[in-house]
Amino acid sequence: MAEYSMKTPLRPEDVDRLRAGDAVKLTGDIYTARDAAHKRLVDLIKDGKTLPMPLEGQVIYYVGPSPTPPGKPIGSAGPTTSGRMDPYAPILIERGLRGMIGKGERSAGVVEAMQKHGCVYFAATGGAAALLSKRIVAAEVIAYPELGAESISRLRVENFPVIVAQDRYGGNIYRDGQKQYAR
Amino acid sequence: MANAKRKKVRTGRAKKTAPAKGAAKRRPAKKARKPKRAARSSAEAKRAGAAKTARKAAPRRPAAKPAAVSPALKVIDAKRIADVVAMLSMEANFDLCGDVEKAIERGLGLEESPVGKEIIGQILENAAIARAERMPICQDTGLAIVFVELGQDVHVRGGLEEAINEGVRRGYTEGYLRKSVLGDPLRRVNTKDNTPAVIHARVVPGRTLRLWVVPKGGGSENKSRIAMLKPADGVEGVKKFVLEAVKIASADPCPPIIVGVGVGGSFEQCAMNAKRALLREVGSVHPDPFYADLERELYRKVNDLGIGPQGLGGRITALAVHIEAAPCHIASLPVAVNMNCHAARHKMAEL
Ligand code: SF4
């Protein structure tokens, strides 16, 4: 379990260095998107239209925060189950997405795209939403405000704690970690 | 300030007060606990001076009038119920129950995986932050599930159901809690105020109204399962089904989890008992030694799966396995598993 601090956007060599089980603290801008937003992004790509955000080197966080209370940059903001984004993720990875943050294991299709194009899947602690929100210093809705908690926001994070759950080499801590501790 | 406020809220000590059905007969008689509860409540009522919401939650004691032969109805205003439900909705989401937190702390000591330890550490830190800053423990503040025990000598002035929904509406709005309810499952339009609540009410003897607010997130609820086993499958079939459910759920219900198991009853009663089982105090022992043993065995086997915190591998997959059994038909053996994540939220108030 190596530990790294990394800046976003991620460079290809950042992704290459990471192995399943590593702990990473992310600093920089990341984007939020859940299923509804993913569907829209993929539809835009299919229609050849411009996206509301860059993808190259970027990290998407699967989160639908609770409403922002006065005086705070964001409400509680822990990860949601990533599997719901599996049908859409490969297309975004193909367009340069280099990191995803969520919870739960990814499908074979996503893993294949991660290996081919160089992308890493991070797990954030599900249900540690208040703690994670403290590592988000600014948030701005940049697309689909009508989707509420499902809109796309740009988050500025500082030392946002994640664990490499699945790396670009097929390493998978869900599979290997569970095997290691099963008896 | 936040801390001081917190203490005044009555938490759902489910072992003593859960609206459990199945095992009711086997449990010690409720009357025996009455004096103790009265003492605790009046002490809490005294402390409740400052907080408006808490004062409303503090139970009014009928102690002055020892159970008369034909007691007059106790009148409770619907407005008061709405206030209490609003308060409980917020407290449940901000203030992790002590029994759950203790179980997580115990888990930290038992966990061997470095990644698992790191995660459990984050979960504990998260609970402290949520409490101090009055922020939701988890952003998924859930469906608002409300259990109601209505004493048959209570008269609610106004609509009970509307009052509960009004409370949820207000609690979820004032507390900046996420609104996750769709008005229709297929047309999928958000109701924008987290109503309607899922209300489970039953009428019990007495002149007390008890309300539990149980916010339930989608991640864990989605991994719940039910099966109508054959009687021949027996206890082995039940064990197999529970272990399979936990295995399939893997990381998705945010382990460490609490596993609620319903056995027996009818189809819907079995599912309901699985949910009620989640309200029992974590760490409490089942009053029936047969089920206490079965719980211990399942707890060990679930943790031997190695799923670990967040499914990343480790010793602590479950904090507890709770079983609620109910009488059932000669031809049936229903079993249901309702998962709860480590953010196992519930708060109770008595009126
Ligand atoms: S399963 Fe529980 S802890 Fe995990 S995201 Fe859902 S509500 Fe939060």
Side-chain angles (χ1 to χ4, degrees), chain A residues 1 3 20-23 32 36 63-72 74-84 102-106 123-135 146-150 161-166 172-183, chain B residues 93-94 112-116 118-141 172-173 175-180 190 192 217-220 222 247 250-255 303-315 317 341-343:
Chain A
M1 178 180 164
E3 292 183 24
D22 290 349
T32 73
V63 59
S66 59
T68 307
K72 291 204 158 75
I74 195 167
S76 290
T80 191
T81 305
S82 307
R84 292 197 315 272
K103 69 182 180 89
E105 203 171 344
R106 309 308 297 270
T125 302
L131 173 131
L132 292 169
S133 80
K134 303 291 277 182
R135 310 294 172 88
E146 68 280 9
L147 292 179
E150 299 213 35
V162 292
I163 286 160
V164 178
Q166 291 172 260
N172 177 344
I173 189 177
Y174 294 106
R175 185 190 58 211
D176 301 343
Q178 294 190 13
K179 210 179 282 162
Q180 186 184 344
Y181 289 94
R183 45 183 174 201
Chain B
N93 275 297
F94 299 152
E112 292 165 20
S113 141
V115 173
E118 160 77 26
I119 288 166
I120 298 178
Q122 283 186 18
I123 290 171
L124 289 169
E125 199 187 330
N126 183 67
I129 293 172
R131 186 173 289 141
E133 304 216 0
R134 297 184 64 73
M135 287 184 82
I137 296 161
C138 183
Q139 79 289 341
D140 186 350
T141 51
Y172 273 71
T173 308
Y176 294 91
L177 307 179
R178 204 179 79 185
K179 326 300 184 284
S180 313
N190 198 303
K192 301 236 166 82
S220 54
N222 283 347
K247 219 168 165 173
S250 191
D252 289 351
C254 287
N303 284 318
D304 282 352
L305 292 175
I307 292 168
Q310 294 296 305
L312 302 176
R315 283 277 90 88
T317 302
C341 46
H342 61 81

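Reminder, nothing fancy here: chain letters follow the sequence lines and each chain counts from 1. Only this structure's heavy atoms are used, side chains among them; waters, hydrogens and symmetry mates stay out. These numbers were taken from a predicted model, which means no experiment stands behind them.
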Ranked by heavy-atom pairs below 4.5 Å to chain A, first place among B/Ala130, B/Gly311, B/Cys341, B/Gly308 goes to B/Gly311

So, the side chain of B/Asn126 versus the backbone of A/Leu131: is there a donor-acceptor pair under 3.5 Å, distance only? yes

Based on non-hydrogen pairs under 4.5 Å, which of B/Glu125, B/Glu118, B/Gln122 is most in contact with chain A? B/Gln122

Is there a donor in the side chain of A/Gln178 and an acceptor in the side chain of B/Ser250, or the other way round, less than 3.5 Å apart? yes

Structural part of B/Lys192 lying under 4.5 Å from a heavy atom of chain A: neither

Which bit of A/Ile163 comes within less than 4.5 Å of chain B, counting heavy atoms only: side chain, backbone, both or neither? side chain

Segment of B/Ala343 engaging chain A (4.5 angstrom heavy-atom cut-off): neither

Among B/Cys138, B/Gly219, B/Gly175, B/Gly314, which has the most heavy-atom pairs under 4.5 Å with chain A? B/Gly314

Quick one: does any side-chain atom of B/His342 pair with a main-chain N or O of A/Gly126 as donor and acceptor, under 3.5 Å? yes

Hey, is the main chain of A/Gly78 close enough, under 3.5 Å, to the side chain of B/Gln139 for a donor-acceptor pair? yes

Select one option (side chain, backbone, both, neither) describing which atoms of A/Lys179 are under 4.5 Å from chain B's heavy atoms. neither

Would you mind checking which part of B/Leu305 comes under 4.5 Å of any heavy atom in chain A, side chain (CB onward), backbone (N, CA, C, O), both or neither? backbone

Max heavy-atom pairs within cutoff under 4.5 Å with chain A, candidates B/Leu177, B/Asn303, B/Asp140, goes to B/Leu177

Name the region of A/Leu147, side chain, backbone, both or neither, that has any atom closer than 4.5 Å to a heavy atom of chain B. neither

Side chain / backbone / both / neither for A/Ser133 at chain B, heavy atoms under 4.5 Å: side chain

Check whether any side-chain heavy atom of A/Ser76 sits under 4.5 Å from a side-chain heavy atom of B/Tyr176, and report yes or no. no

Quick check on A/Ala36 against chain B: is it the side chain, the backbone, both or neither that has a heavy atom closer than 4.5 Å? neither

Atom group of A/Pro69 that falls short of 4.5 Å from chain B, counting heavy atoms: both

What are the two closest heavy atoms between B/Pro114 and A/Tyr181, and how far apart are they? CD-OH, 3.8 Å

Using a 3.5 Å distance criterion without hydrogens, assess whether the side chain of B/Arg178 forms a donor-acceptor pair with backbone atoms of A/Ala149. no

Interatomic distance, NZ@A/Lys72 vs CE@B/Met135, rounded to 0.5 Å, equals 5.0 Å

Among the listed options B/Asn222, B/Ile129, B/Thr317, B/Leu124, the residue most often paired with chain A at heavy-atom distances under 4.5 Å: B/Ile129

Which answer fits A/Thr81, side chain, backbone, both or neither, if we ask what part of it has an atom under 4.5 Å from a heavy atom of chain B? side chain

Max heavy-atom pairs within cutoff under 4.5 Å with chain A, candidates B/Asp252, B/Ile123, B/Ile307, goes to B/Ile307

